[in-house]
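Basis for what follows: all heavy atoms, side chains included, without hydrogens, waters or symmetry-related copies.
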Amino acid sequence: MAAWRERLAGVRGVLLDISGVLYDGGAGGGVPIAGSVEAVARLKRSPLKVRLCTNESQKSRRELVGLLRRLGFNVSEGEVTAPAPAACQILRARGLRPHLLIHEGVRSEFDQIDTSNPNCVVMGDAAEGFSFQNMNKAFQVLMELENPVLISLGKGRYYKETSGLMLDVGAYMKALEYACGIEAEVVGKPSPEFFKSALQEMGVEAHQAIMIGDDIVCDVGGAQRCGMQALQVRTGKFRSVLGRQVQLPAFPRWSLGASRLLFLFSRIKVVIFPKHQSTMWTFAVFYVTVF
């Protein structure tokens, strides 16, 4: 316990992933992961600054926050860093007019963006929208540009819903990269700029923050490359076999119940969740050294 206090002594802010950490999406909007509503509430009552940092690109930020509230989370739009609003800032700053390959649920985020005569492609998790026709249209737009620009809202390989694992935008991004011979610009995790914007919103430095997520590459690896500490949860897309395949330094590992972590952060009473209860909001891997 003393070692944990020492390692977390300088932590002043917590970044939380949403999908697979707070809830699993699915029919009717999804279900909260057991223990997550209470854990977030207790974190927000602590002295720590808390921000949600997500790659969600099927819902607008307003729709996402509305869903979280219905599931019992006390959160606001101002507490969420999401890729679509960040992408809009980039498009305006660079004078880019996108062809949009996105989910209808997030299209409202781009209502004020000029999409005439596109000079780039923006893609998100379009789900059923990733048809041959739509992918080929994005391919054609890129191939017609002298300097093709492909912006991807995240680069996740897959995520978990209540019905099972689902392909994410990263798989389709790679297809367009390969076909066009280009490299996409990622807006979202694990982009360092995306993490830095979330840290700036919280008003903390990277070494004062910890990222909690279910993706070993986008959440854990991305945060560490920015100088943060990171935790992977045993929920959502967590897979121990895939975790061993990822090339990350051999940092110390512990299994840790959510409430014990909260105790270390804010001296709240400890209630340890059993490790074998995989539905609990249980932290599986704590990486204490950064890249």
Side-chain angles (χ1 to χ4, degrees), residues 1 4-5 7-26 28-56 59 61-82 159-162 189 198-199 201-204 208-215 219-220 223 228-238 254-275 277-286:
M1 186 70 72
W4 278 98
R5 289 195 187 98
R7 295 183 189 282
L8 300 178
V11 173
R12 297 182 181 177
V14 180
L15 290 173
L16 295 172
D17 184 24
I18 297 179
S19 177
V21 175
L22 303 187
Y23 84 107
D24 285 329
V31 295
I33 293 171
S36 60
V37 173
E38 179 188 1
V40 172
R42 293 171 68 181
L43 272 176
K44 295 185 72 173
R45 290 196 300 267
S46 79
L48 294 166
K49 296 181 178 181
V50 180
R51 189 163 187 84
L52 307 184
C53 187
T54 179
N55 275 355
E56 174 62 58
K59 303 178 183 65
R61 189 159 50 173
R62 175 176 297 181
E63 183 182 353
L64 176 62
V65 168
L67 170 61
L68 291 174
R69 286 175 175 169
R70 291 193 296 275
L71 295 177
F73 296 96
N74 180 21
V75 297
S76 66
E77 285 187 53
E79 295 174 295
V80 179
T81 297
Y159 55 92
K160 182 178 179 294
E161 290 195 344
T162 54
K189 298 173 292 185
L199 292 170
E201 291 288 343
M202 284 201 300
V204 301
Q208 298 173 320
I210 188 167
M211 175 72 204
I212 300 173
D214 64 332
D215 190 313
D219 296 330
V220 174
M228 287 185 279
Q229 300 183 66
L231 280 161
Q232 186 186 24
V233 294
R234 284 183 176 268
T235 53
K237 70 175 67 173
F238 171 80
W254 294 272
S255 291
L256 188 68
S259 294
R260 173 169 283 187
L261 179 71
L262 294 175
F263 172 79
L264 294 168
F265 280 145
S266 54
R267 297 175 184 267
I268 298 174
K269 182 180 178 182
V270 178
V271 180
I272 301 175
F273 295 143
K275 175 182 175 182
Q277 293 186 11
S278 60
T279 58
M280 288 293 190
W281 206 58
T282 305
F283 303 119
V285 185
F286 181 35

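One finds the CD atom of Glu77 at 11.0 Å from the CG atom of Leu68 (value rounded to the nearest 0.5 Å). Here NZ of Lys44 is found 11.0 Å from CZ of Phe73. Values are rounded to the nearest 0.5 Å. Atom CG of residue Leu43 and atom NZ of residue Lys49 lie 15.0 Å apart, to the nearest 0.5 angstrom. Once rounded to the nearest 0.5 Å, the distance linking SG of Cys53 with CE of Met202 reads 8.5 Å.
The side chain to side chain contact (heavy atoms under 4.5 Å, CB included) test with Leu52 singles out one residue from Val14, Leu15, Val75, and that residue is Val75. Considering Ile210, Ile212, Val220 in turn, Ile210 is the only one that fulfils the side chain to side chain contact (heavy atoms under 4.5 Å, CB included) rule with Gln229.
Of all non-hydrogen atoms in Arg45 and Arg42, the two that sit nearest each other are NH2-CG, 3.0 Å. Counting all heavy atoms, side chain and backbone alike, Tyr23 lies closest to Leu64 at OH-CD1, 4.1 Å. Shortest non-hydrogen contact noted between Pro32 and Leu71 is CD-CD2, 3.8 Å.
For Val31, the side chain to side chain contact (heavy atoms under 4.5 Å, CB included) partners at least two apart in sequence or on another chain are Thr162. With sequence neighbours left out, the side chain to side chain donor-acceptor pair (under 3.5 Å) criterion links Glu161 to no other residue. With sequence neighbours left out, the side chain to side chain donor-acceptor pair (under 3.5 Å) criterion links Arg51 to Thr81. Every side chain to side chain donor-acceptor pair (under 3.5 Å) that Asp215 has, sequence neighbours left out, goes to Lys237. Looking at residues two or more places apart in sequence or on another chain, you find a side chain to side chain contact (heavy atoms under 4.5 Å, CB included) between Lys160 and Asp24, Leu165.
Although no hydrogens or angles enter the test, the distance criterion places no donor-acceptor pair under 3.5 Å between the side chain of Thr235 and the main chain of Val21. Side-chain N or O atoms of Asp219 include one that pairs as donor or acceptor with a backbone N or O of Asp214 at under 3.5 Å.
Applying the salt bridge (charged side-chain N to carboxylate O under 4.0 Å, His left out) test to every pair with at least one member in residues 8-21, sequence neighbours left out, gives these pairs: Asp17-Lys189.
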